[in-house]
Amino acid sequence: MTRSERRSLLLLGLLAVTGHLILGVRGAGSAAPGAVTLFAPAQMADPLAHRDLALSLAAPLADGERIDVDHAAAPELQRLPGVGPALAKRIVADREIRGAFGGMAGLDRVSGIGPALLQKLSPHLSFGGRTADALGTPTQALFDPNTAGVAEWDALPGIGPTRARAIVAFRDSAGPFRQLDDLRRIPGVPSGVIQGIAGSLRLP
């Protein structure tokens with residue numbers, strides 16, 4: 001070993017000792033720059049409770065279990081079939097901006113949820129504590145779809161002005177609605193939306 005190599009090793013040793021001394025002076029409670037604390041037991045009052053919560057949120061739905069979409073957080077929504085992390089976050093974000101869904105038609109407004117997924121989710125959902133299959137449109141009175149105008153259709157959740165005009169135009173050209181399936185033939189109106197407003201309609 002040359003003199004230059006010995007000098008380099010000595011310098012590295014001195015730097016290491018100096019670093020340890022500096023950390024000792026700063027105290028064990030201060031983290032080094034760039035340090036990342038992965039787990040702090042003192043921050044978790046009850047580790048078992050946190051573990052049980054994580055396991056319950058990851059568990060598949062039990063028979064007959066329903067999730068209240070008007071109140072559930074994103075991790076709980078991910079337990080629903082066909083709902084991944086991104087869609088669960090969109091559901092929560094939509095609810096925070098536009099309010100509770102109130103039923104299947106309201107949930108249909110979320111990007112990425114269509115008739116097929118609505119049908120798949122229906123047995124597993126509740127809205128404000130009420131099951132999806134027991135809900136019509138709780139805030140709307142029954143009305144006659146064969147006399148309702150664009151404004152009345154527009155007031156229903158999931159319809160909006162464009163679909164309202166399409167419904168009235170279809171009725172004017174094809175004749176009165178005799179059964180729910182007649183409304184399913186309207187272009188541009190998803191089957192899931194029709195199912196969601198079924199409880200609001202008074203059909204012959």
Side-chain angles (χ1 to χ4, degrees), residues 28-140 154-163 180 183-184 188-201:
S30 301
V36 177
T37 302
L38 297 179
F39 180 74
Q43 296 174 357
M44 184 177 289
D46 188 351
L48 293 179
H50 284 260
R51 183 201 64 184
D52 293 342
L53 176 61
L55 290 174
S56 67
L57 292 178
L61 294 176
D63 290 341
E65 182 182 1
R66 293 176 183 263
I67 289 180
D68 188 342
V69 189
D70 283 340
H71 298 96
E76 190 175 4
L77 291 171
Q78 291 180 47
R79 299 176 60 212
L80 291 166
V83 176
L87 181 53
K89 290 177 182 177
R90 284 202 300 273
I91 292 172
V92 172
D94 184 285
R95 187 181 68 207
E96 290 176 349
I97 294 171
R98 303 171 67 181
F101 301 108
M104 298 294 284
L107 186 60
D108 182 58
R109 74 193 185 207
V110 179
S111 174
I113 293 183
L117 183 55
L118 283 174
Q119 185 176 6
K120 185 177 182 180
L121 292 175
S122 179
H124 310 291
L125 302 182
S126 67
F127 297 86
R130 292 168 294 180
T131 60
D133 49 7
L135 280 168
T137 308
T139 60
Q140 297 291 332
D154 184 13
L156 291 176
I159 297 297
T162 301
R163 289 173 177 170
L180 197 62
L183 283 86
R184 300 182 196 277
V189 182
S191 178
V193 171
I194 298 300
Q195 186 62 43
I197 63 174
S200 294
L201 308 179

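These figures come from a predicted structure and were not determined experimentally.
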Problem - Gln195 and Leu180: CA distance, side-chain angles, deciding distance, side-chain contact (heavy atoms from CB on, under 4.5 Å) verdict - result: CA-CA 8 Å; Gln195 186 62 43; Leu180 197 62; 4.1 Å; yes

Handout entry: Closest heavy-atom pair and its distance - Ser111, Arg90
Key = O-NE, 3.0 Å

Problem - Heavy-atom pair of closest approach, residues Asp108 and Ile113 - result: OD1-O, 3.4 Å

Just list the side-chain donor-acceptor pairs under 3.5 Å for residues 92-106, sequence neighbours left out, or say none.
from: Asp94; atom 1: OD1; to: Arg109; atom 2: NE; distance (Å): 2.5
from: Asp94; atom 1: OD1; to: Arg109; atom 2: NH2; distance (Å): 3.0
from: Asp94; atom 1: OD2; to: Arg98; atom 2: NH1; distance (Å): 3.4
from: Arg95; atom 1: NH1; to: Val69; atom 2: O; distance (Å): 2.7
from: Arg95; atom 1: NH1; to: Ala72; atom 2: O; distance (Å): 2.8
from: Arg95; atom 1: NH2; to: Ala72; atom 2: O; distance (Å): 2.9

Handout entry: Side-chain (Arg163) to main-chain (Gly158) donor-acceptor, under 3.5 angstrom
Key = yes

Handout entry: Spacing of Ile91 atom CD1 and Leu77 atom CG [to the nearest 0.5 Å]
Key = 5.0 Å

Problem - Exercise: identify the closest heavy-atom pair between Ala74 and Ala88 - result: O-CB, 3.5 Å

Handout entry: Nearest atoms (heavy-atom pairs only) where Leu125 meets Leu121
Key = CG-O, 3.2 Å

Problem - Nearest-0.5 Å distance that lies between atom OG1 in Thr162 and atom CG in Asp154 - result: 9.0 Å

Practice task
Determine, stepwise, if the pair Leu87 / Leu80 fulfils side-chain contact (heavy atoms from CB on, under 4.5 Å).
Solution key: CA-CA 11 Å; Leu87 181 53; Leu80 291 166; over 6 Å; no

Practice task
State, to 0.1 Å, how close His71 and Gly128 come at their nearest heavy-atom pair, and which atoms those are.
Solution key: CE1-CA, 3.8 Å

Exercise for the section: With sequence neighbours left out, write down each residue that passes side-chain contact (heavy atoms from CB on, under 4.5 Å) with Glu65, or none if nothing qualifies. Expected result: Leu61, Ala62, Arg79

Handout entry: Non-hydrogen atoms of Pro85 and Gln78 that approach each other most closely
Key = CG-OE1, 3.5 Å

Completion exercise
So the salt bridge (Lys or Arg N to Asp or Glu O under 4.0 Å) pairs with at least one residue in residues 112-121 (sequence neighbours excluded) are none

